Structure formats: C-alpha cells, structure tokens
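A quick write-up on the structure given underneath.
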Number of protein chains: 2
Amino acid sequence: MTRRATAQDVADLAGVSRSTVSLVLNGRADGNISRAKQEAVRDAAEQLRYTPNAVALSLRSKRTETIGVLTWPDRRHMPLALLGAVYTAASRAGYLLMMVDAVQRPGQVDALLDRRVDGFVVVAPELTAFAVPEAVASVPVVMVNCFDESLAASSLVPDEVGAGASAARLLLDAGHRELAVLTGDGLAGERRVLGVRRTAANAGLVEPVVLAAGHSVDDGYAAARRLLQSDLPPTGFVCTHERLALGALLAAADLGLRVPDDVSLVSLDDGEDLAGLLVPPVGRVERPDEVIAAHAIELLVDQLRHGRTDVRRLSFVCPVQPGSSIGPPRLRAAPTG
Amino acid sequence: MTRRATAQDVADLAGVSRSTVSLVLNGRADGNISRAKQEAVRDAAEQLRYTPNAVALSLRSKRTETIGVLTWPDRRHMPLALLGAVYTAASRAGYLLMMVDAVQRPGQVDALLDRRVDGFVVVAPELTAFAVPEAVASVPVVMVNCFDESLAASSLVPDEVGAGASAARLLLDAGHRELAVLTGDGLAGERRVLGVRRTAANAGLVEPVVLAAGHSVDDGYAAARRLLQSDLPPTGFVCTHERLALGALLAAADLGLRVPDDVSLVSLDDGEDLAGLLVPPVGRVERPDEVIAAHAIELLVDQLRHGRTDVRRLSFVCPVQPGSSIGPPRLRAAPTG
DNA sequence: CTGAAAGCGCTTACAG
DNA sequence: CTGAAAGCGCTTACAG
C-alpha cells in the first residue's frame, strides 16, 4: 500500500533533474549526460524500483498499449480457444487485453473507448455477421470469426465450406457411401453442411441425411440414436460441432455399437476442445485458432504501430486431425425385397 | 479515426471555461453556474459526444476503476466459470478487468501494476496454495480458489471436504455400500477424497477403493473399466472431477452396463460444466462459482471504495445437484465360496 | 456566478 | 552537458 516512486523521486535521489532521469532511462543519454550522472540515475531507479507510471505515459503518448476485445457467448460457450490464442499473440506483441461482453454489456464498449484502448479485436464464438458499434470504428478494428460487410475492417474467418468438405472426405476415403450430418443452426453449421453436400455430390453419393439436431450433447444423442435405429442407418456421421459428436458417441455405446467398428464418426471443431479427448478420440477437422489469432494480432499491430491500413479478408484452411473413430464401413446385409 | 472531443472543445463551443464544463458535467453546478450556461454546456457536450478521457481522469484521481486478474491454466483448463463470474460481478460494480497468465507470463503482472490497476483478484483453476508476488500486495488483493498463508489477503475457497462428503452421501442415500473414488492429483482431489472416506467410515462402510486415475477422459475411462471388470466391482463411483466422470460413463457404456441401472455415478465439479450435459446427466456436487466470485468482488470493492481492510478467510458450501446417474445398487449374486 | 491556476507523472523540444 | 518549460486532459481549490 506504499506510494510508488516517480521520476521526481529518482531525480531527487540521484541529484539531477526529471528530464535527465527520463533521458537516461529511455536510452537517449549518449553524448548528452555524463557517465557519472547516468550511473547515479540508474542506481537511484533501481534502489527505488522505479518504473514509469503507464497512465501518465498514456496521457502523453495517446497510446495505452492495450487492445479492447469484444466478444460474447453463444448457446454453447465463449470462444475460449480463440480468446486464449488472441491473448498469447497480443502478449507477445506487448499488449494487454481488456475484454468485454459486447452483447450482454454493450455499455462497457464505451468504457473501453473512454480508456483509450489502441484498437479492437472482435472475437465471435461461431462464424457470424456482426455489426460493429459505430464508435468502435474510430480506432483500428480486426474481426475474428466474424465480419461486418459495411465496415472497412479486416476480417479473418475459417474456411467452413472447406472444413465440411474435408470432414466428408475423411469418411469417403475410408469407404463410406451413406453419410449422415448432425448439425445445429447458424452460419458455420450451414457452410459446413454445404461442404459435406458438395463433396458427397461430387463423389456421386446419395444425398446425405442432414439432421438439424441442436446444440447440446443430448441433442446429438437423440438424433444419432434415431438414425442408428432406422431401417437403413448411415455408416458414417459428420457432426458439425463437438457436443453433437459426444452425444453420438454416447448413443452408439448405448446401442451396443462400437466406434469405429460399427459406425464411424467425424467432428468439426467449434473450439470446445472436446472431440479429441474422447474415447476413442474422434477424428476431426480443426479450426486453426492459433493461426487465425496470430494473423489477426499481426494485422492489428501493423495498423497500430506502423499505420498500415489495408483491409484484408482472410479465409483459413482447417486442418484435418485423424482419429480412431474412423474405420471402413461395416458390411451390411443387402436389403431384402 | 477522428480525434475525440475534450472538455476544452466543449468549453469553446459553449463559450465558457473548462472549469465550468467540469462543474456542470459532474453535477456540481447547482447555485454556481447559471441555468443558461448549464444548458449551453450540456448541449455542447451532447453535440460533440463528449465523454471524459479516462486516462486523464485516472492520472488525477489515482484510480483506474480497473481490476487486475491473475490466473493460469492447470492441465485441464482455465478456471473459466470462475473468471466469467468474476467478470460479471466486477462489471456490475463498474470495474473493467485486465487478465494475465501469472504463471506463463509473470512479467505482465508488472505491466498491470504500471497501469495502476486498483486491486487484484487471483483466480486458481483448482484449489491450491499460491505465492502472490510481493509487488502485487501493494494494492488490495483477494484470492479465489487459492490462498497465501503468508499474506494478509482475503481468501475464498470451496469446502472441498464437505463436497466430497456430499458426493458420498448421494450414493449412500441411494443404498450403495461399495464405493469407488476416481481422482486426479492436487489439493482439491485430496480433500474431496478425504470427505468421501470420512463419510464412508462414519456410515460403517468398507473402505472405498480410491484410484489415482489422472486428469483426462481417457484416464477415467481406463480406471473405471478396470474396476468394473474386477471380481467385485463397486456399485457406485465418485469422480473428483468431470473428465473422469465422462470417462467412466463411456467405459460403462462400452461394457454394456447401464447408468444408473447397473452402476451409479457422481461427479464433483471442477468448473468444466461437463457432467450436467451428459446422457444421462451426472449427479454432482457443484462448486458455487457465482457465489464465490460475487463475494470476492464485494470484498475487494469494499476495500477499494470504502477502505475497509479486514481479512476474511471464507469457505463455501458446495450444493448438491441431483442427476439421473444415481439409482439403487444393482443386486449382485452372493459371492461363491 | 465564473475564470485562471495548480497539479496528477510523464517526455520532448528548447534554452543556456 | 543539463535544467526549466510546455503540454497530454482532467478536476478542484482559489480568486475575483
């Protein structure tokens, strides 16, 4: 609870002026300040554990070295993996983050502006259009996993259609011909389904069964159970998010079906870090959160530090992560009739 | 990218001095400033969308209305539920948060101090002792889910022993006499196990089997599978964290055992919000994250705003959340011999 | 009733 | 080689 030392304290202790302290500590003393005084200043600073008051620095420099993060939860979760990756990238670049829930607490967006964050990154839990509040655009903004067509801001999103296609291909390559897709609502789900459909069509497969299952484990369980008990059950499931995959896995186990012997399972990544932890680990198509976040911060920092201002719209390939939930389709007795 | 208005801009537009603007906008104009000028100031402020620069305010007031959050991940996860609850409580009290990973990036703790956060809350993912860096204690600190014996800081933790006892009682009350405990390492696990053991002993039960399973779903799967296939399988499982419960559920399903018909399952909460989502929803003892966080922020804000300084060590009861994973024990053929 | 001044803690021209 | 001054944007005594 003790008062922290100021440059004046250091100056007093070293017997010099405030300006001298500033010059020395900021490495602009060469040829200006005598060796002896430099030494004295450094000693005094160390002894007092002096470190400049960042608030005063900010008032003067008009930079806070702080980035505002606008995010919000959807029904499943906060975009934690993305946020963590944004934090890591920002830390490395020397920035601290102030995060607010832009949907639940829109008022805090203004609080961020008042505190003069240098810029914003908007992080969505799931691919979506998002209307950035007007005031926010008074500083550089980059959008992650979302976009605002009416705004000249860079935007970085996963290639969801490609991800869906990769998921389908995992099953096709294993020999499956009868696919089912379990999905929730939302733009990411739609695009992922589109990817699966296209790939299936290109491969000459019968149209996959697409079920709008929902967003919970239980939804995945119910949908998978229903399909698995139908007359002509699909041999391979694509789940557009991870809770559905867990539900499907539980449903299969409950029905005495083994994964991947009796049914194969592929999941798309929604940042819950769940699919890979299951038993067996579910093969999946990942959202490259670290890569996206690193690029986002790089773009933003480029604007903040070097005044670059070009708007980019980037789409990122989603890498495939094989898992032992994928095997060849189970041979089925030819349908009678 | 336009410059934001300052009090001077408002003063110029309203034709008054800066002081007048300040007085009017801070509600101290009564009897001091003429009605007409007040009106003029307010109009000008609105027109320019003036809002005070919080950086300048902070330099003057020596308060930033910002709380530093020190946290870190353990092997399973970040303490997300707690952090979310801390965020909500702090927002309501008018504070913004700056969060850093105190273990991975200790240097950022100093960055927080330089930026003059008003206080700190330390949030641990799992109950643990934590040595708060000395400099941090120069401002008010409250510790959540952790403690530092050598520091005069308030600390708020779950009653882990009580939680373990409640978990055991859920199974006892359903008629179980042969319990197994799946646990990871760490203080929370130890205390939870202690609670189970005591309760079992008090009820005159045979000592429960305690297995240091690990921290992953797979660990829970392997441990549960082993026990379920043993000669005298336990009828009820207590899992000290949620991934173990998921693993146990998958193991049971794989072995063709039904929950709760063949085996009952109880989980303790570790903030992953997983157990309740499963099929069936796993009965559990919850960590009261919202309650803990609300009290923590209340204590901290009391210190920040009213200078209260009493150190509290609080322990919070963990409420029981029944789930359909608990049923009466399956009758077993008497052991032969 | 209202404006000029001081000061929060910095850094950067600017004099000497 | 070094110190005094100005200014970032506020608010609060202090004069008038």
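The shown structure was predicted, so the numbers you read here are calculated from the model rather than taken from an experiment.
- One P atom belongs to D/dA4, the other to C/dG7, and the distance between them is 16 Å to the nearest Å.
- No donor-acceptor contact under 3.5 angstrom links the side chains of A/Asp43 and A/Gln47, judged on distance only.
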**Prompt:** Is there a salt bridge (charged side-chain N to carboxylate O under 4.0 Å, His left out) between B/Arg308 and B/Asp302 once you walk through the steps?
**Reply:** CA-CA 6 Å; B/Arg308 290 194 51 182; B/Asp302 251 19; 3.2 Å; yes
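- Contacts of B/Leu57 with the nucleic acid, taken as non-hydrogen atoms under 4.0 Å apart, involve only primed sugar atoms and P, OP1 or OP2.
- At the heavy-atom level, A/Ser34 lies under 4.0 Å from the strands shown only through sugar-phosphate atoms.
- Inspection of the A/Arg115 and B/Thr66 side chains reveals an N or O donor paired with an N or O acceptor under 3.5 Å.
- Going from atom CG of B/Leu25 over to atom P of D/dG9 covers 16 Å, rounded to whole Å.
- Between B/Arg35 atom CZ and C/dT2 atom C1' there is a gap of 16 Å when expressed in whole angstrom units.
- Both A/Tyr50 and B/Lys37 lie close to DNA chain C; mapped to their nearest nucleotides by heavy-atom distance, the more 5′-ward contact belongs to B/Lys37.
- Atom CZ of A/Arg115 and atom C1' of D/dC10 are 15 Å apart (whole Å).
- For B/Leu59, the listed nucleotide lying nearest its side chain is D/dG9; candidates were C/dC10, D/dG3, D/dG9.
- For C/dC1, neither phosphate oxygen OP1 nor OP2 lies less than 4.0 angstrom from any side-chain nitrogen or oxygen of B/Thr20.
- Between B/Asn26 atom CG and D/dC10 atom C1' the separation is 10 Å, expressed in whole Å.
- Taking atom CZ of residue A/Arg63 and atom P of nucleotide C/dC10, one finds them 19 Å apart after rounding to whole Å.
- For the OP1/OP2 pair of D/dC8 and a distance below 4.0 Å, the side-chain nitrogens and oxygens of B/Asn53 include no atom meeting the criterion.
- Atom CD of B/Gln8 and atom C1' of D/dC10 are 11 Å apart (whole Å).
- Nearer to the 5' terminus of DNA chain D, by closest-nucleotide assignment, is the contact made by A/Leu23 (compared with the other of A/Leu23 and A/Arg60).
- Heavy-atom nearest nucleotides on DNA chain C were determined for B/Ser61 and for A/Ser19, and the one closer to the 5' end corresponds to B/Ser61.
- At whole-Å resolution of the value, CZ in A/Arg18 and P in C/dT12 are 14 Å apart.
- With a 4.5 Å cut-off on side-chain heavy atoms, A/Val121 and A/Leu300 count as touching.
- Both distances falling under 3.5 Å, in either a Watson-Crick or a G-U wobble arrangement, occur for no nucleotide opposite D/dA4.
- With no hydrogens or angles considered, no side-chain donor-acceptor pair links A/Ser19 and A/Ser22 at under 3.5 Å.
- Distance, B/Arg28 CZ to D/dT11 P: 10 Å, rounded to whole Å.
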